Amino acid sequence: MGTMNLGIVGYGGMGSYHAESLIPEEGDLFKVFGIYDINEERMLKAKEKNIDTFKSYEDLLASDNIEAVLIATPNDSHKELSIKALQAGKHVICEKPVTMNTQEFDEIIEVAKEENKVFMVHQNRRWDPDFLLVKDLYETRAIGDIFQIESRVHGANGIPGDWRHLKRHGGGMLLDWGIHLLDQIFWMVESPVAKIETDLSYILGDEVDDGFTTYITFENGIRSVVEVGTTNFTSLPRWYVKGNKGTARIDDWDLSGEMVIATGTEVEAKPSPIRAGVGLTKTMAPPVQGVTKKIALPKPNVTQPTFYRNFYEVIHYGTEPIVKNEEVREVMKLIDNILTF
Ligand code: NAD
């Protein structure tokens with residue numbers, strides 16, 4: 001199978017990242033055939049990078065050379081642009097969050113089925129090394145049976161850009177970052193939810209949430225805290241994961257952090273009480289020497305093909321998509337429930 005030509009709609013931050021980094025990194029699988037952006041300045045930027053531009057989205061869709069379309073526009077436009085592309089006979093990659101709500105998502109899937117085209121959502125954080133490391137710990141039981149997973153991203157820059165501040169464009173941090181972090185947890189834990197509660201924050205005074213904390217209890221007993229903050233002037237670790245044989249802390253996307261595990265060594269001695277603040281405690285005293293040991297965090301195990309390779313193989317060989325539409329729908333539905341509560 002040869003190289004596939006992609007058309008990109010929306011050449012902003014993410015569209016240009018796809019065009020200039022993600023797609024060229026795929027070698028011979030894909031080529032950017034051309035882009036369309038409603039903003040003339042962005043079209044000029046593309047030309048400066050020697051990327052061809054189309055005068056309108058209709059022109060881009062009418063090109064027989066384009067086999068697939070990547071949608072990287074603000075969230076409220078994803079439904080219409082996706083449906084148009086599918087009806088023009090193109091396969092589609094749509095940026096996250098796929099749509100504003102589940103109803104819109106269902107409409108797209110209906111058309112994808114009618115047109116017999118592949119529609120995949122760019123839930124790229126399923127490939128993040130920090131996440132794959134945690135998923136590995138979960139699957140290999142390197143810290144025993146995991147019973148608590150805390151996943152956080154903390155920034156101090158507020159809500160970025162323009163449209164992300166507005167409800168009508170699908171702004172807010174739950175739709176922006178929540179969609180990634182919840183997707184990761186649900187994909188990893190694979191258990192129905194027993195209980196879920198979300199606390200949205202509006203510290204910056206926008207009409208959309210500038211962060212949130214979600215508490216999840218899964219039916220298999222695992223608990224999770226998922227948190228996004230945009231006014232955190234110092235951050236908590238990216239991941240804090242507790243198993244019955246150890247604890248892992250992954251501080252950031254560079255995978256710094258540590259893992260402490262129980263050695264299984266039986267010792268006679270019990271921890272001695274320590275002074276803690278103005279009090280005394282045995283419970284919170286450090287474990288007796290030899291009972292635990294610090295080990296380096298393992299390297300994440302990246303065996304899955306890249307998002308783009310998988311998209312290519314789904315189209316050409318009928319391979320199973322790594323990001324399945326049913327999974328995307330499950331998280332979208334959850335977000336619907338939070339935002340309409
Ligand atoms: P952006 O504002 O930087 O870029 C959006 C671009 O779309 C702009 O250039 C704008 O002119 C153009 N545009 C708007 N409406 C259009 C239309 N109808 N037709 C053609 N062009 C149109 O936004 P962004 O940060 O690039 O985000 C775009 C999408 O990518 C969003 O859905 C966002 O959630 C997603 N995104 C994903 C990731 C990720 O890691 N997967 C990261 C950032 C953004």
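Note that the numbering runs from 1 along the sequence shown for the chain. Just so it is clear, the model here is predicted, and its values are computed rather than measured. Just so you know, ligand 1 is whichever comes first in the structure, and atom 1 is the first atom listed for that ligand.
Taking all atoms of both residues into account, the shortest heavy-atom contact from G2 to Y312 is O-OH, 2.6 Å.
Not less than 6.0 angstrom separates the ring centroid of Y138 from the ring centroid of F131.
With hydrogens and angles left out, the side-chain atoms of S201 and D210 include a donor and acceptor closer than 3.5 Å. Judged by distance alone, the side chains of Y11 and E20 do bring a donor and an acceptor atom under 3.5 Å apart. For T340 and D336, the side-chain atoms include no donor-acceptor pair closer than 3.5 Å.
Within 4.0 Å of ligand 1, counting heavy atoms only, the contacting residues are V9, G10, Y11, G12, G13, M14, Y36, D37, I38, N39, R42, A72, T73, P74, N75, H78, E95, K96, P97, H122, N124, W163, R164, D176, H180.
In this pair, Y308 and H122 present their aromatic rings tilted. The plane angle is within the 30 to 60° band.
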